[in-house]
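Throughout, a chain's letter reflects where its sequence line sits, starting with A, and its residues are numbered from 1.
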Protein chains: 2
Amino acid sequence: MAGKREKKSYVTTEEKIKAAARKVFMQKGYGASRTRDIAEEAGINLALLNYYFRSKEKLFHEIMMERVQHLFGAVAPIINDPSLSLESKMEKLASAYIDMLLENPDLPMFVLNELRKQPDLFKSQMNIEQLLKNSSFIKQLREKRSDVEPAQYLMNIMGLMLFPFLAKPVLLATGLAGEKNFGTLMNQRRQLIPKWIKAILQTK
Amino acid sequence: MAGKREKKSYVTTEEKIKAAARKVFMQKGYGASRTRDIAEEAGINLALLNYYFRSKEKLFHEIMMERVQHLFGAVAPIINDPSLSLESKMEKLASAYIDMLLENPDLPMFVLNELRKQPDLFKSQMNIEQLLKNSSFIKQLREKRSDVEPAQYLMNIMGLMLFPFLAKPVLLATGLAGEKNFGTLMNQRRQLIPKWIKAILQTK
DNA sequence: TTTTGATTTAATCAAATGATTAAAACAAAA
DNA sequence: TTTTGTTTTAATCATTTGATTAAATCAAAA
């Protein structure tokens with residue numbers, strides 16, 4: 001994108017813009033974000049933003065793809081590794097996810113919300129459909145519980161990890177968690193969630 | 001608000017505007033909603049919208065309060081009823097919630113997302129803080145598991161119910177659920193979630 | 001040093017947007 | 001029928017917003 005001259009600074013202008021866009025888009029969502037705010041946040045001129053990225057929409061699209069990847073990227077390798085038992089898969093998932101989410105607390109809300117408004121943004125990404133249905137994870141779930149749809153357990157695992165971050169503002173507002181406390185609670189969940197899921201898989 | 005003359009139609013203009021606002025705000029969020037879109041959706045003139053509600057913000061505030069109430073209103077009575085056992089509380093919660101959510105699938109995403117952008121909108125609502133901490137539900141949880149914070153279980157219950165609706169676009173896009181299938185899965189969860197929670201409460 | 005092409009800026013546009021105003025339409029009361 | 005106060009509309013404003021243009025700056029290559 002844009003010219004190919006040498007970069008003078010270690011932080012290219014393009015990366016400055018993307019960082020600013022990431023921040024503003026994540027904070028306000030696509031519709032409520034103003035290109036001027038992004039430019040100001042990046043410390044550059046508005047025209048420059050349109051010079052690097054042709055439009056607000058194109059810029060958003062790049063950020064969105066990147067964010068989706070960041071949110072779901074860790075899942076595929078774990079879910080598809082046939083050398084891992086069902087239990088170790090869940091331990092790895094919980095651990096990797098909680099770490100990442102503690103550093104990107106409002107990533108899930110951003111991605112899920114924008115995805116709701118423009119569902120097409122996901123389909124292009126890849127064909128997760130096949131990747132999922134043939135995954136070793138789904139097979140292991142079917143073996144263990146042929147009576148319940150694997151999708152149910154997938155929702156449970158993801159929900160137990162993601163929901164606290166989606167509901168964070170409510171947790172804080174209701175005093176169920178303080179800002180400091182929240183981190184502690186999440187760290188506890190790192191070990192708790194795998195145990196809970198095991199228990200869930202053995203019900204009845 | 002506005003004049004006090006007789007209402008001619010069974011659907012007042014005010015209610016038409018609120019219905020339209022509800023629809024548009026829920027679909028696009030506050031920042032991306034245009035007052036003109038709301039007016040058009042309501043089949044009225046833009047000026048009329050400002051005549052009934054003084055501003056976009058005031059209109060939004062009314063809708064938002066109403067939606068928060070709708071999302072969390074059912075919880076308090078159940079959680080606070082000392083005559084219900086922990087188990088029946090969870091059965092009631094799951095049942096009431098899943099019904100409501102199937103009729104308002106994107107209510108949770110709307111409320112949680114707007115709440116994230118303007119956390120103050122919640123504090124005014126009431127003092128859930130006291131209401132929760134003194135609730136019979138929290139006491140029962142402490143009795144059963146003094147080793148784990150009650151907040152953890154609250155997150156679990158709410159998460160198991162709400163998460164599938166928050167992630168619905170992803171579920172549809174990945175083929176994990178079809179639009180028809182989704183309803184079936186949720187209805188299954190009505191019975192499954194209480195069982196799962198019981199299992200979770202007995203771990204270790 | 002001069003030239004060349006990338007980078008950046010100030011100024012400006014057209015469209016969109018929240019809001020107001022002044023007047024018209026209307027329905028009930030007198 | 002006339003009057004009164006509410007409801008609704010068309011027209012208009014001032015800002016905001018995404019985008020473009022033409023010119024200035026700058027750093028490397030010749």
Side-chain angles (χ1 to χ4, degrees), chain A residues 1-65 110 114 117-118 120-121, chain B residues 1-65 114 117-118 121:
Chain A
M1 182 129 296
K4 303 265 165 59
R5 273 296 166 98
E6 273 308 280
K7 298 155 188 171
K8 28 181 176 194
S9 168
Y10 289 107
V11 184
T12 65
T13 302
E14 186 173 336
E15 196 39 63
K16 272 199 294 182
I17 297 176
K18 283 179 83 171
R22 212 173 289 131
K23 180 172 175 182
V24 174
F25 279 140
M26 297 247 305
Q27 213 161 78
K28 313 197 179 191
Y30 176 77
S33 292
R34 309 290 107 121
T35 50
R36 276 171 174 80
D37 296 342
I38 297 176
E40 188 183 9
E41 176 75 34
I44 54 130
N45 192 288
L46 168 62
L48 195 51
L49 184 149
N50 284 292
Y51 171 72
Y52 275 90
F53 306 83
R54 305 239 313 146
S55 69
K56 178 186 177 185
E57 204 181 336
K58 289 230 175 67
L59 174 55
F60 176 75
H61 197 263
E62 275 200 38
I63 299 295
M64 186 66 185
M65 291 300 102
F110 168 73
E114 295 300 326
K117 292 178 198 162
Q118 313 181 40
D120 306 330
L121 288 179
Chain B
M1 182 132 297
K4 303 269 164 61
R5 272 296 166 98
E6 273 309 279
K7 298 155 189 174
K8 38 195 168 180
S9 167
Y10 290 106
V11 184
T12 65
T13 302
E14 185 173 337
E15 195 40 62
K16 273 199 293 180
I17 297 176
K18 283 180 83 169
R22 212 173 288 131
K23 180 173 174 180
V24 174
F25 279 140
M26 296 248 306
Q27 214 162 78
K28 314 198 178 192
Y30 175 77
S33 292
R34 308 290 107 121
T35 50
R36 276 171 174 81
D37 297 344
I38 297 176
E40 187 183 10
E41 176 74 35
I44 55 129
N45 191 288
L46 168 62
L48 196 51
L49 185 149
N50 283 292
Y51 170 72
Y52 275 90
F53 306 83
R54 305 245 311 149
S55 69
K56 178 186 177 187
E57 203 182 335
K58 288 231 176 64
L59 173 56
F60 176 75
H61 197 263
E62 274 200 37
I63 300 295
M64 187 64 186
M65 291 299 102
E114 294 301 327
K117 293 178 198 162
Q118 312 181 38
L121 288 178

Open item on the list: Treating primed atoms plus P, OP1 and OP2 as sugar-phosphate and everything else as base, which nucleotides of nucleotides 12-18 of chain D get B, S or - for protein heavy atoms under 4.0 Å?
Closed with: -----BB
TODO: Quick one: pull up CG in Leu46(A) and OH in Tyr51(A) and give me the separation to the nearest 0.5 Å.
DONE: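 So the gap between those two atoms works out to 15.5 Å.
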So which atom in [X] and which in [Y] form the shortest heavy-atom distance, rounded to 0.1 Å?
X        : Y        : value
Ile17(A) : Ala42(A) : CA-CB, 4.0 Å
Leu49(B) : Ala39(B) : CD1-N, 4.0 Å
Ala20(A) : Ile38(A) : CB-O, 3.4 Å

Measure from [atom1] on [X] to [atom2] on [N] and round the result to the nearest Å.
X        : N       : atom1 : atom2 : answer
Leu49(A) : dT20(D) : CG    : P     : 12 Å
Arg54(A) : dA19(D) : CZ    : P     : 10 Å
Ile44(A) : dA10(C) : CD1   : C1'   : 14 Å
Glu14(B) : dT6(D)  : CD    : P     : 15 Å
Glu40(B) : dG18(C) : CD    : P     : 13 Å
Asn45(B) : dT21(C) : CG    : C1'   : 13 Å
Ile17(A) : dT7(C)  : CD1   : C1'   : 11 Å
Leu48(B) : dT20(C) : CG    : P     : 14 Å

Open item on the list: Could you check whether atom CD of Glu40(A) has more than 12 heavy atoms from other residues, nucleotides or ligands sitting under 6.0 Å from it?
Closed with: no
Open item on the list: What stems show up for DNA chain C when you take Watson-Crick pairs (N1-N3 plus N6-O4 or O6-N4) and G-U wobbles (N1-O2, O6-N3), both under 3.5 Å, and require three or more consecutive pairs?
Closed with: C:1-30 with D:1-30
Open item on the list: Please tell me whether Phe60(B) and Phe25(B) form a close aromatic pair, meaning their ring centres lie under 6.0 Å apart.
Closed with: yes
TODO: State which residues pass salt bridge (Lys or Arg N to Asp or Glu O under 4.0 Å) with Lys18(B); sequence neighbours excluded, sorted by chain then number.
DONE: Glu62(B)
- [ ] Give a yes/no on whether any side-chain N or O of Tyr51(B) is located under 4.0 angstrom from OP1 or OP2 of dT21(C).
- [x]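 Answer is no, no contact under 4.0 Å.
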- [ ] Return no unless some side-chain N or O of Tyr52(B) is found under 4.0 Å from OP1 or OP2 of dT8(D).
- [x]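 For Tyr52(B), the contact criterion (side-chain N or O under 4.0 Å from OP1 or OP2 of dT8(D)) is met.
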Task: Residue pairs fulfilling side-chain hydrogen bond (donor to acceptor under 3.5 Å, both in side chains) with at least one residue in residues 19-35 of chain A, sequence neighbours excluded - done: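 Non-adjacent pairs meeting side-chain hydrogen bond (donor to acceptor under 3.5 Å, both in side chains): Glu15(A)-Arg22(A), Arg22(A)-Glu66(A), Lys23(A)-Glu41(A).
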Task: Close side-chain approach of Phe53(A) and His61(A), heavy atoms under 4.5 Å - done: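 Phe53(A) does not reach His61(A) side chain to side chain.
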